[in-house]
Student: 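Structure provided below as structure tokens; questions to follow.
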Protein chains: 2
Amino acid sequence: MADPKRTRNTHKRQRILRAIQAAGCHLTAGEIRRRVGRDGLAIGLATVYRALAAFARAGLVESVSLGGRATRYGLAAEHHDHVVCLECGRWQPLRRCPAPRAPRDAAPGFRVTGHRLEFFGYCGECR
Amino acid sequence: MADPKRTRNTHKRQRILRAIQAAGCHLTAGEIRRRVGRDGLAIGLATVYRALAAFARAGLVESVSLGGRATRYGLAAEHHDHVVCLECGRWQPLRRCPAPRAPRDAAPGFRVTGHRLEFFGYCGECR
DNA sequence: ATACGTGCAAAATGTTTGCTCGTTT
DNA sequence: AAACGAGCAAACATTTTGCACGTAT
């Protein structure tokens, strides 16, 4: 199964992680690239994707894809769930995670390592 | 906000819904197209997407995107959550939905109409 | 020294849109 | 008749890959 391989400690990868951390919420690959670039470090998009894949493999980062839109990446250590407005697309993190650690009726032998939960509906302004 | 518009009752749209219903689980747009086609009715992919968007607007269908892979669509009336293996990618529906109707700390005024929950980890065979 | 990271451009996916014409209401 | 659905091809956005070279371990 997934060996939690460690990733190499390069300057760019540090900056990618730092950008996600500084954001405090989930970012898309493009946003990450832009933020790192804005701080004076040019970086290829492919590099961002490869770094994110490595981080995810290592269990550092979790990915969330909110229906259709680009996938977002956040620190696994700062897991949180989301509420998404179907109309305007805005989404907000939840403080409390309302899901159980593991479902009651998972397949036998399945080891749950995480989850991803999004509530959707319509925000006050869009109703 | 989203007026639950009714969609027109065309032959193709009926077949799309029937395909999803017959499958009993979430399908991708491509799978739907293939199944409808296999039953002798050629249909364009754009048509499938537009129909699904209309169904979603009408609240008939819900969409789920399991990290990276293509978005899957299922009947909203037969909502269920999933368990996904990070190694082999196989996923299974859960009988019981372990999420609450709505989170405690959603933004005020937010009306929750649904959710989407996926547990992930490693299945018995991949561990 | 070796395995891994990076950039670039190209390719592969998945999804949406413009236009024209057909069908439902 | 009017509004919406369908088909096709082109456009789009996102993500992945091949290759040549650089860097961390």
Student: Quick check on DNA chain D: between R8(A) and R33(B), whose nearest nucleotide comes earlier from the 5' end?
Tutor: R33(B)
Student: State, with a plain yes or no, whether a side-chain heavy atom of F120(B) is found less than 4.5 Å away from one of F110(A).
Tutor: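 Result no, sub-4.5 Å side-chain heavy-atom pair not found.
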Student: Taking only residues two or more places apart in sequence, or in another chain, which ones meet L60(A) in a side-chain contact (heavy atoms from CB on, under 4.5 Å)?
Tutor: L17(A), F55(A)
Student: Is there side-chain contact between D81(A) and R96(A), with heavy atoms separated by less than 4.5 Å?
Tutor: no
Student: Name each donor-acceptor pair under 3.5 Å that joins a side chain in residues 19-27 of chain B to protein atoms two or more places apart or in another chain, with its distance.
Tutor:
{"from": "H26(B)", "atom 1": "ND1", "to": "H80(B)", "atom 2": "NE2", "distance (Å)": "3.2"}
{"from": "H26(B)", "atom 1": "NE2", "to": "E62(B)", "atom 2": "OE2", "distance (Å)": "3.0"}

Student: So do I16(A) and I43(A) actually touch side chain to side chain, heavy atoms under 4.5 Å?
Tutor: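 Contact flag for I43(A)/I16(A) side chains = yes.
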Student: Are V48(B) and V36(B) packed together at the side-chain level, in the sense that at least one heavy-atom pair is separated by less than 4.5 angstrom?
Tutor: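 No, side chains not in contact.
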Student: Answer yes if the side chains of H11(B) and N9(B) hold a donor-acceptor pair under 3.5 Å, and no otherwise.
Tutor: no
Student: Using whole Å, report how far CZ of R72(A) lies from C1' of dA13(D).
Tutor: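 Those two atoms, CZ and C1', are 14 Å apart.
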Student: Scan residues 21-29 of chain B against DNA chain D and write down, sorted by residue number, each residue with any heavy atom closer than 4.0 Å; if none is found, say none.
Tutor: none
Student: Looking at side-chain heavy atoms only, is the closest gap between H82(A) and L94(A) below 4.5 Å?
Tutor: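 They are not in side-chain contact.
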Student: Just so I know, are the side chains of H115(A) and C97(A) near enough to count as touching, which here means a heavy-atom distance under 4.5 Å?
Tutor: yes
Student: Do any side-chain nitrogens or oxygens of T71(A) fall under 4.0 Å of OP1 or OP2 in dT14(D)?
Tutor: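 For dT14(D), OP1/OP2 do not have a side-chain N/O of T71(A) under 4.0 Å.
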Student: Taking all non-hydrogen atoms of both residues into account, name the closest pair between G44(B) and R33(B) and its distance.
Tutor: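 That closest heavy-atom pairing would be CA-NH1, 3.8 Å.
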Student: Near DNA chain C, counting only heavy atoms under 4.0 Å, which residues of residues 10-17 of chain A show up?
Tutor: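 Under 4.0 Å from DNA chain C: T10(A), K12(A), R13(A).
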Student: Quantify the bending of the helix from dA1(C)-dT25(D) to dT25(C)-dA1(D) as the angle between its end axes, each fitted on five pairs, to 10°.
Tutor: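 Taking the rotation axis at each end, their angle is 50°.
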Student: Looking at R72(A) and S63(A), would you say the former's side chain and the latter's main chain have a donor-acceptor pair under 3.5 Å?
Tutor: no
Student: Do P98(A) and L117(A) come close enough that some side-chain heavy atom pair is under 4.5 Å?
Tutor: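 P98(A) reaches L117(A) side chain to side chain.
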Student: Check whether any side-chain heavy atom of P103(B) lies under 4.5 Å from a side-chain heavy atom of V83(A), and answer yes or no.
Tutor: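 Yes, close enough: below the 4.5 Å cut-off.
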Student: For DNA chain C, which residues of residues 37-53 of chain A approach it to below 4.0 angstrom with any heavy atom?
Tutor: A42(A), I43(A), G44(A), A46(A), T47(A), R50(A)
